[in-house]
Structures are given as C-alpha cells and as structure tokens.
Protein chains: 2
Amino acid sequence: MTTTLSTRDRLIIHAAQLFQQRGYHGVGLTEILETAGVPKGSLYHHFPNGKADLAVAAADWASVDLLRIVDDAFGEAVDFRHGATTLCFKLAKLFDLSGHWLGCPISSTLFEGPANDLFRTEAARIFDVWIEAVKAHGVRLGLPPAKAATSSEALWIGLQGAWTLSRARRDSSPLRHVPDFVFGSDPQ
Amino acid sequence: MTTTLSTRDRLIIHAAQLFQQRGYHGVGLTEILETAGVPKGSLYHHFPNGKADLAVAAADWASVDLLRIVDDAFGEAVDFRHGATTLCFKLAKLFDLSGHWLGCPISSTLFEGPANDLFRTEAARIFDVWIEAVKAHGVRLGLPPAKAATSSEALWIGLQGAWTLSRARRDSSPLRHVPDFVFGSDPQ
DNA sequence: GCATGACTAGACCAATCGGTCTAGTCTCGT
DNA sequence: ACGAGACTAGACCGATTGGTCTAGTCATGC
C-alpha cells in the first residue's frame with residue numbers, strides 16, 4: 001500500500017505519525033524525510049512553507065482519520081451512550097496497540113508547535129469539527145440538539161483528559177472509563 | 001523578590017514558565033539561561049544532567065505550586081463540589097490572566113520531552129499526587145473514600161481536557177464548566 | 001523530438017542545539 | 001592568611017536544526 005502512495009501522501013502520513021508520537025519540536029525534518037523516503041527538495045515543492053505547512057496537513061489528515069473512527073463507532077450504535085462508549089473503547093484499543101504512548105494527534109502536532117495563531121486556530125477548528133460530528137450523531141440518535149452539543153463537548157473533553165492520563169500511566173483504563181463520568185455510572 | 005532568589009531557584013522558575021508555554025523541545029537552553037540571567041556553567045553545576053534534570057525540577061516546582069492552589073480552593077469549601085468548582089474557577093482565572101495560552105505545566109514540560117520512562121514516570125507520579133490531594137479533601141469533606149477517589153480522578157481528567165480545549169479556543173469557559181459535567185448540571 | 005513544467009534529488013548553508021571544559025570568584029573553616 | 005570546595009562565567013564544541021538552491025529526471029503536449 002505504501003508503495004503506491006504519492007510522495008505528498010507519504011510525507012503527510014509519516015509526519016502525522018511522528019508528530020503524534022513526539023510533538024512538533026520533537027521531530028526533525030531529517031527524520032520525517034528519512035522515514036518517508038523523500039528528499040528535502042520534494043518537501044519544499046509540496047509544502048513551500050516547510051515544516052509548518054506539513055504539520056497542518058498532517059493534523060488535517062489525522063483529523064479525517066479520527067472522524068472515520070467516530071463514524072464507525074456511532075454508525076452501529078442504538079443510542080448516543082452506546083456510540084460514545086464504542087468510540088472510547090476503539091480509541092483505547094488503538095492506544096493499547098500503539099504501545100501505550102500515542103496521544104491526541106492534534107494536541108501533539110499543533111500545540112507544541114510555534115505558538116502562532118495559525119496553528120492554534122487550526123487546532124480549534126479541528127476540535128470543533130470533532131465535536132460537531134459527535135453532536136450530529138447524537139441528534140440523529142434522538143437527543144435534543146442542545147443536549148447533544150453539551151454531551152459531545154463533554155465527551156471530547158473527557159477523551160482529551162483521559163488520553164493524557166492514560167499516556168502517563170501507560171494504561172488505557174482512563175480512556176475506557178470516560179463514558180462513566182460523562183454519563184454517570186452511579187447516582188450522584 | 002526575584003533578586004533574592006538563588007541561582008538554582010531562578011533557573012527552575014524561569015524554566016517552568018517557558019516549558020509550560022512552549023513545551024520541552026520548544027525552548028532552548030540559551031533562552032532559559034538568558035531569561036533567568038544565569039550562565040551555562042551554573043546550570044550544569046546544579047543540574048549535572050542538563051536540560052532533562054532541569055525539566056524534572058521545573059515540573060516538580062510547578063506541581064507544588066498547583067498543589068497550593070488546590071489547597072486554597074478546598075480549604076474554604078463547605079463540600080466537595082464547592083471545592084472542586086472553586087479550583088476550576090481559580091485555574092480558569094489563571095488561564096485568563098496568562099493571556100489564554102498556558103496549559104497544564106506537567107504535560108507541556110514532561111510529555112513532549114524525551115520519550116524516556118523517567119519523564120513519563122514522573123508525570124504519572126505528579127498526576128497521582130494531584131489526584132490524591134483532591135481525594136483527601138473529598139474524604140475530609142465527608143465523601144466515602146471510593147467515591148472521593150473516582151470523583152477526584154474524574155475532576156482531573158476533566159481539567160486536563162478542558163485545559164486543552166480552552167487553549168485551542170482561547171476561552172476559559174470549558175475550564176469553568178468542568179464541574180457541570182463531572183457532577184452533572186442537569187438530570188440524565 | 002523537443003520544449004516545458006512538475007517533481008525528485010541532495011549538496012550546502014547559517015543558526016542553533018545541548019553539552020563540555022577551563023578559568024576565575026566567592027565564601028567558608030581553620 | 002590560606003587552602004578547599006561551592007559556584008559563576010562564558011568560550012568553545014560537534015551535531016543537528018529548518019531552510020535554500022541548483023542540477024537532474026520524468027511525463028506530457030505540441
């Protein structure tokens with residue numbers, strides 16, 4: 001599969017993976033270029049602004065990837081809570097398979113990058129797309145729009161936080177318990 | 001105040017601030033040394049392992065700082081929910097005052113650092129200290145230990161996630177709404 | 001069959017990276 | 001008074017950083 005990918009796509013995919021693992025500043029162009037098997041000239045042909053452009057493209061790619069996981073999780077769900085739970089478990093599974101280290105691809109890639117507004121705005125946009133996607137599933141599954149909006153935002157906040165804790169502990173259970181405290185597992 | 005600080009403390013404090021703003025790899029030693037007004041020799045005298053040692057010390061310092069905020073918030077609280085709410089609002093206030101950009105000092109400093117186990121373990125330890133501190137306040141305020149433990153962890157997960165979202169949006173309201181979805185603002 | 005633009009290839013660059021090392025200063029105990 | 005160790009000071013180092021630039025390859029239209 002990798003062999004048929006265009007130079008541009010190989011660059012984006014490998015960059016996305018490396019940025020997710022070690023952050024924007026934690027990965028050098030040389031390493032990205034080497035793992036992608038692409039010479040430096042090609043990078044600056046496809047991304048005239050270099051590393052920053054590549055990071056945004058990588059974040060976008062990762063975002064689309066994650067949206068597919070969201071749709072998979074909610075596609076087979078009978079109600080919102082089941083969809084959300086499936087999503088958390090899917091992400092936990094990915095986390096386990098990745099060796100208990102991968103965090104949110106967006107915060108890794110765009111937050112530790114240059115603190116310019118372009119990166120920050122792009123991160124905000126992607127988070128909103130994710131929240132909107134889950135909200136749409138909520139509405140489709142019968143939730144009132146306002147309720148769907150707050151639940152979706154709460155779910156993503158929980159996922160972000162749990163992702164961090166799971167990473168620190170190298171243990172996916174915080175991710176798996178996100179539905180419990182977003183929806184409540186026991187009476188308050 | 002700054003003038004009376006020891007070289008070591010000046011290094012730690014300035015490093016903590018810079019790491020929190022731009023992450024471990026995002027800040028060079030030169031910049032830390034310049035803002036702290038400390039020559040390179042002193043750094044390697046106080047921290048023989050250089051940047052990595054300094055980052056751990058900075059994270060520890062930031063952790064103690066945050067623990068003080070936790071104790072302040074819960075010290076005056078009549079019940080757990082009020083303490084937690086005060087904590088979230090205090091952090092939101094700090095976030096606002098910082099220009100809507102500061103994130104969690106630990107994830108900034110230790111997560112984008114060298115992906116070695118020392119950093120990761122230290123991050124996990126500090127998170128656990130925070131969770132334990134809030135749990136203790138919960139127990140003191142009458143919660144059953146098990147309930148205090150899960151609530152505390154949920155609170156910190158919510159704070160972590162909300163911190164991220166607040167940063168992306170440059171808006172502290174996610175931080176202020178953490179209590180709502182940790183304790184529930186409306187019936188499920 | 002040849003000109004053209006898209007793309008690849010990598011040598012090369014100044015700047016910066018984290019880190020080492022030696023020299024010098026300051027403050028003690030004696 | 002002086003020796004010792006803690007600490008400061010910054011020159012210096014090789015490696016690596018992101019980025020530029022020129023040369024070359026390749027497919028396509030004419």
Side-chain angles (χ1 to χ4, degrees), chain A residues 2-59 108-116 118-119 122, chain B residues 2-59 108-116 118-119 122:
Chain A
T2 305
T3 56
T4 66
L5 252 36
S6 71
T7 300
R8 190 169 191 277
D9 286 345
R10 257 181 303 146
L11 227 28
I12 289 176
I13 291 175
H14 286 98
Q17 291 172 346
L18 288 169
F19 284 146
Q20 186 175 11
Q21 285 167 26
R22 302 208 302 279
Y24 181 81
H25 289 294
V27 187
L29 282 187
T30 311
E31 187 176 358
I32 297 173
L33 262 12
E34 268 174 10
T35 53
V38 166
K40 197 165 267 192
S42 303
L43 166 65
Y44 283 88
H45 171 76
H46 294 290
F47 302 96
N49 289 329
K51 197 183 185 184
D53 269 8
L54 178 57
V56 171
S108 301
T109 307
L110 296 184
F111 266 166
E112 308 305 342
N116 60 25
L118 193 151
F119 272 38
E122 182 68 5
Chain B
T2 305
T3 56
T4 68
L5 252 35
S6 72
T7 301
R8 189 169 192 275
D9 286 344
R10 258 181 302 145
L11 267 177
I12 290 177
I13 291 175
H14 286 97
Q17 291 172 348
L18 288 168
F19 284 146
Q20 185 175 11
Q21 285 168 26
R22 302 209 302 279
Y24 181 81
H25 290 294
V27 187
L29 283 187
T30 310
E31 186 177 358
I32 297 173
L33 263 11
E34 269 174 11
T35 54
V38 166
K40 197 166 267 192
S42 303
L43 166 65
Y44 284 88
H45 170 76
H46 294 290
F47 303 96
N49 289 329
K51 195 183 187 184
D53 269 7
L54 178 57
V56 171
S108 300
T109 307
L110 295 183
F111 266 164
E112 308 305 342
N116 60 25
L118 193 151
F119 272 38
E122 182 68 5

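By convention in this document, chain letters (A, B, ...) are assigned in the order of the sequence lines, proteins followed by strands, and residues within each chain are numbered from 1. As the structure is a computational prediction, the values presented were derived from the model and not from experiment.
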| said: Protein within reach of the bases, or only the backbone? For nucleotides 8-13 of chain C, mark each nucleotide 5' to 3' as B, S or -, using heavy atoms under 4.0 Å. | reply: BBBB--
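The minimum heavy-atom distance linking A:Thr109 with A:Ala59 is given by the pair CG2-CB, 4.4 Å. When every heavy atom of A:Val56 is checked against every heavy atom of A:Phe119, the shortest pair comes out as CG2-CE1, 3.9 Å. Contact between A:Lys51 and A:Val27 at its shortest, heavy atoms only, is NZ-O, 2.9 Å. Shortest non-hydrogen contact noted between B:Ser108 and B:Gln20 is OG-O, 3.4 Å. Summarising the geometry of A:Val38 relative to A:Arg10, their closest heavy-atom pair is CG2-NH1, 4.0 Å, with the distance given to 0.1 Å. Scanning both residues, B:Ile32 and B:Leu54, for their nearest heavy atoms gives CG2-CD2, 4.1 Å.
Going from atom CD1 of B:Ile13 over to atom CG of B:Leu5 covers 4.5 Å, rounded to the nearest 0.5 Å. Atom NE2 of residue A:His46 and atom CG of residue A:Asp9 lie 9.5 Å apart, to the nearest 0.5 angstrom.
A straight line from CD of B:Glu34 to P of C:dG18 spans 12 Å, rounded to a whole angstrom. D:dT17 atom C1' lies 8 Å from atom NZ of A:Lys51, rounded to whole Å. Rounded to an integer number of Å, the gap from A:Asn49 CG to D:dT20 C1' is 14 Å. Between the OH atom of A:Tyr44 and the C1' atom of D:dT20 there is a distance of 9 Å, rounded to whole Å.
A donor-acceptor pair is defined here as one N or O able to donate and one able to accept, closer than 3.5 Å; such a pair exists between the side chain of A:Asp53 and the backbone of A:Asn49. Looking only at distances, no side-chain donor or acceptor of B:His45 sits under 3.5 Å from a matching main-chain atom of B:Gly41.
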Tabulated below should be each protein N or O lying under 3.5 Å from an N or O of nucleotides 27-29 of chain C; please produce it.
none

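At least one side-chain heavy atom of B:Leu11 sits under 4.5 Å from a side-chain heavy atom of B:Leu33.
Every residue two or more places apart in sequence or in another chain was checked for a side-chain hydrogen bond (donor to acceptor under 3.5 Å, both in side chains) with A:Ser42, and none qualifies.
Within residues 18-33 of chain B, the residues approaching DNA chain C are B:Val27, B:Gly28, B:Leu29, B:Thr30, by heavy-atom distance under 4.0 Å.
Among pairs with a residue in residues 21-32 of chain B, those fulfilling side-chain hydrogen bond (donor to acceptor under 3.5 Å, both in side chains) read B:Arg22-B:Glu31, at least two apart in sequence or across chains.
The rotation axes computed at either terminus of the helix from C:dG1-D:dC30 to C:dT30-D:dA1 lie 0° apart, taking five pairs at each end and rounding to 10 degrees.
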